[in-house]
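As the structure lists them, so they are numbered: ligands from 1, and atoms in each ligand from 1. Values below: every heavy atom of this structure, side chains too, minus hydrogens, waters and symmetry copies.
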Amino acid sequence: PDMNTATLQKTVYTVCDEPTIQTVEGFLSAAECDALIRLATPSLKPSTVVTDTGGSTGHAHRTSTGTYFQRSQLPIIDRLEKRIAETWGHPVINGEGFQVLRYAEGAEYRPHYDFFDPRLPGTDQYTKSGGNRVATVLLYLNEVEIGGETVFPDLGLEIKPVKGMALYFAYPYPVADSLTLHGGAPVVKGEKYVVTKWLRERAYV
Ligand code: PD2
Ligand code: ZN
């Protein structure tokens, strides 16, 4: 039979109840991880961060490179988006595209919130379609020799990248005390490839 991994039962492990932080090992196959790295590599560009006033810029706080795939752009993306939707119940249409990031040695993403701060002037523009971000899924595509953990400093939590593992965390209210402050610790040795998938309140078009 066709052992499409999407049909296999996956164990969702709860790391933290409030806020919800969960991991799923083997969420992607090794072949899927390798394919995503191969597909992304030719188009990696320095990552950007959004600015308070509604722009985007390169930043010393986010020193990865990355590339963006549209929703369902490729069969593998489509399949993984459906898998994410089935696992966590956010409709595919609420998701932003697929961002594949590479952190070289020394690269990091300093602690931040993924939602847009309602008090900032640029936020209306970012949330016009889909509303605010309410959850994040990270897909780890390789193993880092040293460093590169996803950290939640307010919770004292560190998640070590495991190839094929998914990390999900939710922040239904865009408030700075939501305990979902998180970052990507510097890669000390090796490199790190990860997918970021940001999920919105409503349909994002
Ligand atoms: O790469 C990570 O571990 C990471 C950590 C925090 C990615 C993001 N945030 C993100 O892309 O939002
Ligand atoms: Zn983040």
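Looking at His182, its N, O or S atom nearest to the Zn ion (ligand 2) turns out to be NE2. Per residue Asp114, closest N, O or S atom to the Zn ion (ligand 2): atom name OD1.
The pair Glu191-Arg102 counts as a salt bridge, with a side-chain nitrogen and a carboxylate oxygen less than 4.0 angstrom apart.
Between Phe116 and Tyr126, the ring planes are parallel. Angles under 30° get that label, and only those over 60° would be called perpendicular. Ring geometry for Trp88 against Tyr168 counts as parallel: the plane angle stays under 30°, on a 0 to 90° scale with 60° as the upper cut.
Atom OG1 in Thr87 sits 7.5 Å away from atom NZ in Lys10 (nearest 0.5 Å).
Partner Tyr140 forms a side chain to side chain contact (heavy atoms under 4.5 Å, CB included) with one of Val162, Leu167, Leu28, Val195 and no other, that one being Leu167.
Applying the side-chain contact (heavy atoms from CB on, under 4.5 Å) test to Glu18 and every residue at least two apart in sequence or in another chain returns nothing.
A donor-acceptor contact shorter than 3.5 Å links the side chain of Asn142 to the backbone of Tyr193.
At a 4.0 Å heavy-atom cut-off, the residues surrounding ligand 1 are Arg62, Leu101, Tyr103, Tyr109, His112, Asp114, Leu138, Thr150, His182, Gly183, Gly184, Lys192, Val194, Thr196, Trp198, listed by chain and number.
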